[in-house]
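Structure first, commentary second.
Numbers for residues simply follow the sequence, beginning at 1. Computed from a predicted structure; not experimentally measured.
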Amino acid sequence: MKIVHTIAELRACLAPFKHPAFVPTMGNLHEGHLALVRQAKPQGDVTVASIFVNRLQFLPHEDFDTYPRTWDSDCKKLQAAGCDLLFAPNEQELYPEPQTYLVQPPAALADILEGHFRPGFFVGVCTVVMKLLACVQPRAAVFGKKDYQQLMVIRRMVRQFALPIEIVAGETTRAPDGLALSSRNGYLSASERAEAVQLSLALKAMATALQAGATDIAALEQQAMQSLAARGWQPDYLAVRRRSDLQTPAPGDALVLLGAARLGSTRLIDNLELTPDQGATKPS
Ligand code: PAF
C-alpha cells in the first residue's frame, strides 16, 4: 500500500487509473471500516482510503483533540484489507487557508436528529467529503449505514451537485452481542461496554412494537427513551422516521428507527431499517 500526504502526490499516484473506489475515514479503524474497504475493492481499478480527523465536523466541546489517532495499526489494517493507496493529509494540506466556502445541506434533512444535537456537524461533513471527493475523483465511494443520516446527506449532496460518483452503502458491522462497531466504542469502560448493546435492543423493541401494531409513534419513542434513561443512559433521540427522507412517517411508509444516546461520557448511535409492512428486515 502506498501512503501519500499531499494532494499533488495523490493525483500523481492516481493518474494511471480510471476508476478509483474510495473509502473516507477518520482513522482509528475497526472491522466496520475494513468491511467498507473490502466492499470498495471490486468497485474500481484502485482502492483508495483516506484518514483525516476533520476539525470542521466537531463542536467545540466534542472530542476532536482526544479522538484516537492510531496511525500504525490503521496502516497495517488497511494494507491487510487490500487498500492500494492511503491519502492522509494534515490540516495544513487540506485546509491551507480558513475554509470559508462551506457546503450547507438542507435544514430539513441536516438539522434534524444528529444535526439537531450536533449543530453544524453536517456542514463539516459535507464540506470535507466534497473536498476529499474533489481530491480523489472516485468512480464510487463507500459510506457505512451505521451513520445512516450522514449517508443520506452525502447521497443527496452528490446528486444535487451532479458529481459523477456512485455512493455505495455498506452494512453496519456488529460485535457478537449486536453492538454496532464504532471508533467511539473504545471510550467505554468494561461495564459500559456490557451495557452498550441496549441501544440496539431498544431499537429492536420499538420494531417489535410496530410489528405488533403500535401506531402511537410519539408514545413509542417516549417509552424507548424512558427505558434507556432508567438504565442510566442519557438519550438524545429514539425516533421512528420515513426511510426516504427521515421525516415523520405516514402509514405504509418504509421506516427506519434511529437512536443516539450517551452512556457515561460516550455518545453512541445506531439504526434499524424496517420494511413497508413494518416488519424488521435485514438491511437491503
Ligand atoms: O464517517 C466518518 O468517518 C466521517 O464523518 C467522514 C465521512 C470520513 C468525514 O470526515
Extract all donor-acceptor atom pairs below 3.5 Å that involve side chains of residues 158-168 and protein atoms in other chains or at least two apart in sequence.
from: E166; atom 1: OE1; to: R139; atom 2: NH1; distance (Å): 3.1
from: E166; atom 1: OE1; to: R139; atom 2: NH2; distance (Å): 3.2

Result block: side-chain N/O donor-acceptor pairs under 3.5 angstrom for residues 20-27, not counting sequence neighbours:
from: T25; atom 1: OG1; to: G27; atom 2: N; distance (Å): 3.0
from: T25; atom 1: OG1; to: S50; atom 2: O; distance (Å): 2.8

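Every side chain to side chain donor-acceptor pair (under 3.5 Å) that E9 has, sequence neighbours left out, goes to T6. Annotation: salt bridge (Lys or Arg N to Asp or Glu O under 4.0 Å) contacts of D84 (sequence neighbours excluded): K41. With sequence neighbours left out, Q222 forms a side chain to side chain donor-acceptor pair (under 3.5 Å) with no residue at all. Qualifying salt bridge (Lys or Arg N to Asp or Glu O under 4.0 Å) partners for D45, counting only residues two or more places apart in sequence or in other chains: none. The side chain to side chain donor-acceptor pair (under 3.5 Å) check on R11 picks up nothing, with sequence neighbours excluded. In this view, R267 and E114, D236 satisfy the salt bridge (Lys or Arg N to Asp or Glu O under 4.0 Å) rule, not counting sequence neighbours. Every residue two or more places apart in sequence or in another chain that forms a side chain to side chain donor-acceptor pair (under 3.5 Å) with Q57 is listed here: N54. Contacts of F58 classified as ring pair (Phe, Tyr, Trp, His ring centres under 6.0 Å), with partners at least two apart in sequence or in another chain: F64, Y67.
Using modelled atom types and a 3.5 Å distance limit, the side chains of Y148 and E273 yield a donor-acceptor pair.
The stretch residues 17-35 participates, sequence neighbours left out, in these salt bridge (charged side-chain N to carboxylate O under 4.0 Å, His left out) pairs: E31-R38.
In terms of heavy atoms, V153 sits closest to P105 at CG1-CB, 4.0 Å.
L113 is not connected to L199 by any chain of hydrophobic side-chain contacts under 4.5 Å among Ile, Leu, Val, Met, Phe, Trp and Tyr, and they are in different clusters.
Within 6.0 Å of NE2 in H116 there are 12 or fewer heavy atoms belonging to other residues, nucleotides or ligands.
Applying the 4.5 Å side-chain rule to ILVMFWY residues, one finds L201 in the same cluster as V197.
Ion pairing between a basic and an acidic side chain is recognised when a charged N comes within 4.0 Å of a carboxylate O; D177 and R193 show such pairing.
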